[in-house]
Amino acid sequence: MAEVLVLVDHANGEVRKTTAELLTIARRFGEPSAVFIGDGLDAARETLAKYGAEKVYAFSGDDITGHLVAPQAEVLAAIVQQVSPAAVLIPSNAEGKEIAARLAIKTESGVITDAVDVEAGPDGEVVTTQSVFAGSYTVKARVTKGTPIVAVKPNSAAPEEAPGAAADASVEVTISDAAKAAKIVESKEKQASGRPELTEAAIVVSGGRGTGGDFSKVEEFADSLGAAVGASRAAVDAGWYPHSSQVGQTGKQVSPQLYVACGISGAIQHRAGMQTSKTIVAINKDEEAPIFELVDFGVVGDLFAVLPQATEAVKAAKG
Amino acid sequence: MNIVVCVKYVPDAQSERGFASDNTTDRVNVDGLLSELDEYAVEEALKIVEAGEGEVTVVTVGPDQAADAVKKALQMGADKGVHVSDEAISGSDAPATSLLLAEAIKKLGDVDLVLTGMASTDGTMSVVPAMLAERLGLPQVTFASELTVDGGSVTIRRDGDAASQTITASLPALVSVTDQINEPRYPSFKGIMAAKKKPVETWGLADLGVDASQVGLAAAWTTVDAITKRPPREQGTIITDEGDGGTKLAEFLASRKFI
């Protein structure tokens, strides 16, 4: 059976949920092989095995991790050349999409990004689903040249356990000088919020202009639900919340089970980032706000009155 | 300092965007404009040149209407434009677009810095800058929310989810910028008048030494099988808070099993 390469998304060996999703998807096309780049393989191996990785290609060292994306694309290209996998699955985040892009050119292979589903077609081919134009169209596409390279968004599959051997495998790779041209000279870890990651969260509560810069009620409501906190571009541009929390066209595109928009009018820029959420709730003072066109449930009112009451009710219900 | 800014002509996100009969993005029957995210790259190029010296050349690949994107950049202050246009290009995918941009940049020659936006506002793949760096063999320094050019090197801040990184490379280099980097200027009346006299060259495939078999829809490395319009969301329940809005909201969440 052909190998399917999965680029592991992790922080020092702590494997992120998206990797379990990608390994689950990989099994639809062949035997998953995890490609692990960086430190912490010992910590990661158990999770990789649990979700079906038969092989693990591991690489570390400053030649790779001390530089921006290019060396990682060289690593993947070397494995693709050696094992001719059925597909390469990569997390569809900023870094992953760039690695996919470079790998596509190196291997003369088609690349599809932002896939929300990846299925096997009638002949076992890799068929992707994407949500485009701010979620207004659904597109099914295929790679027609080379090895299918697909960047897959979080929550595209429910992770299913299926024990794999996670046996060490190796491929000889020499990183070129050209790939080492962009050096990472400093890396400041961001402080963890203790909340779920925005693009992976089942529930997202976002604040906008209507918060007036006070996100405390938004955060308290989010915490009562175990949700991630997002922000509109207006709130980010005003400096009220970090850019990494921005939901919208130029920020994160999220598709949670539940999205709660607080004091967000719902401009196209924002809708592009949340329109495909399963259930949408909004609280806004302005009953004419376009966000109400999208909602399953909307409250016309002051978020500073509505949210604390809702937070208490959620806490009471949860006991 | 010779700076090339790659820009894209995209359908206006405020208008009704759709597809042509061959499943490619409709770029002809929709109002189009310079991709908003490319304005940040144009602005950054202008700032660098204004602080020192040099020339800003804008390059686009696209149909006749794409000349509007070049014009807007020239009105903002760029010095000259190149419009890569050829009937055979229609339907090109990202690898083909990056090939055309790479060949155009090689033809311009003597380029110190290639600037791009972080993504287009239509395809939103964010892959062309990385592909272009790969094709040109230039250091890829992408998603800059801060950019400093100092002598022969470039340094950026890249704000990722887990960390904020400082990345440096020597020139020539390719840099993509985010919408956090600056506040793009509006063209002034003087800028609009001056743009009319600025040179814009139109290059076809023959000028770039690219064969028609390498570009266009038939040469794409991916294919779209089906497109379906997402049904509009059904109008939900909207209530006005009369002192119990929060309670009713919680009741709704409980009814959908979120609590």
Q) Which bit of A:K252 comes within less than 4.5 Å of chain B, counting heavy atoms only: side chain, backbone, both or neither? A) side chain

Q. Which one of B:L113, B:V111, B:V114 satisfies the side-chain contact (heavy atoms from CB on, under 4.5 Å) criterion with B:L138?
A. B:V114

Q.
Is A:E98 in contact with chain B via its backbone, its side chain, both, or neither, using a 4.5 Å heavy-atom distance?
A. both

Q. Quick one: what part of A:A134 sits under 4.5 Å from any heavy atom of chain B, side chain, backbone, both or neither?
A. both

Q.
I want to check something: taking the side chain as every heavy atom from C-beta on, are B:I227 and A:T138 in contact at a cut-off of under 4.5 Å?
A. no

**Q.** Test of ring centre spacing under 6.0 Å for B:F19 and A:F133
**A.** yes

**Q.** Carboxylate-amine/guanidinium proximity below 4.0 Å for B:E39 and B:K72
**A.** yes

Q.
Counting only non-hydrogen atoms closer than 4.5 Å, does B:T121 touch chain A with its backbone (N, CA, C, O), its side chain (CB onward), both, or neither?
A. both

Q: Grab the two heavy atoms, one from B:A130 and one from A:A101, that are nearest each other, plus how far apart they are.
A: CB-CB, 3.8 Å

Q: Flag the pair B:D122 and B:K8 as a salt bridge only when some basic side-chain nitrogen lies within less than 4.0 angstrom of an acidic carboxylate oxygen.
A: yes

Q: Name the region of A:E197, side chain, backbone, both or neither, that has any atom closer than 4.5 Å to a heavy atom of chain B.
A: side chain

Q.
Quick test of your reading of the model: are A:E125 and A:R142 salt-bridged, counting only N-O distances below 4.0 Å?
A. no

Q. Quick one: what part of A:K278 sits under 4.5 Å from any heavy atom of chain B, side chain, backbone, both or neither?
A. backbone

(Q) Does any backbone or side-chain atom of A:V281 lie under 4.5 Å from a heavy atom of chain B? Answer side chain, backbone, both or neither. (A) side chain

(Q) Counting heavy-atom pairs under 4.5 Å with chain B, which one of A:G146, A:S224, A:S109 comes out on top? (A) A:S109

(Q) Between A:Q257 and chain B, with a heavy-atom cut-off of 4.5 Å, which part of the residue counts as in contact: side chain, backbone, both or neither? (A) both

Q) B:V154 versus B:T148: any side-chain heavy-atom pair under 4.5 Å? A) no

Q. Given that the side chain runs from C-beta out, which part of A:I280 has a heavy atom under 4.5 Å from chain B: side chain, backbone, both or neither?
A. both

**Q.** Winner by heavy-atom pair count (cut-off under 4.5 Å) against chain A, out of B:V224, B:D241, B:T228, B:T240
**A.** B:T228

Q: Pick one of side chain, backbone, both or neither for A:A94, based on which atoms fall under 4.5 Å of a heavy atom in chain B.
A: both

**Q.** Engaged part of A:V132 at the chain B interface, taking heavy atoms whose separation is under 4.5 Å
**A.** side chain

Q) B:L115 and B:L147: side-chain contact (heavy atoms from CB on, under 4.5 Å), yes or no, with the steps? A) CA-CA 11 Å; B:L115 280 173; B:L147 167 63; 4.1 Å; yes

**Q.** Full working for side chain to side chain donor-acceptor pair (under 3.5 Å) between A:Q249 and A:R271
**A.** CA-CA 8 Å; A:Q249 176 148 41; A:R271 289 154 70 139; over 6 Å; no

Q) Heavy-atom distance under 4.5 Å to chain B: side chain of A:D114, backbone, both or neither? A) side chain

Q | Residue part contacting chain B, namely of A:A104, when any heavy atom lies under 4.5 Å | A | both

Q | Contacting moiety of B:Q14, where chain A heavy atoms sit under 4.5 Å | A | side chain

Q) Between A:F304 and A:K217, is there a cation-pi geometry (under 6.0 Å to ring centre, at most 45° from the normal)? A) no

Q) Is chain B contacted by the side chain of A:V69, its backbone, both, or neither, given a heavy-atom distance below 4.5 Å? A) side chain

Q) Does any heavy atom of chain B fall under 4.5 Å from the side chain of A:I268, the backbone, both, or neither of them? A) side chain

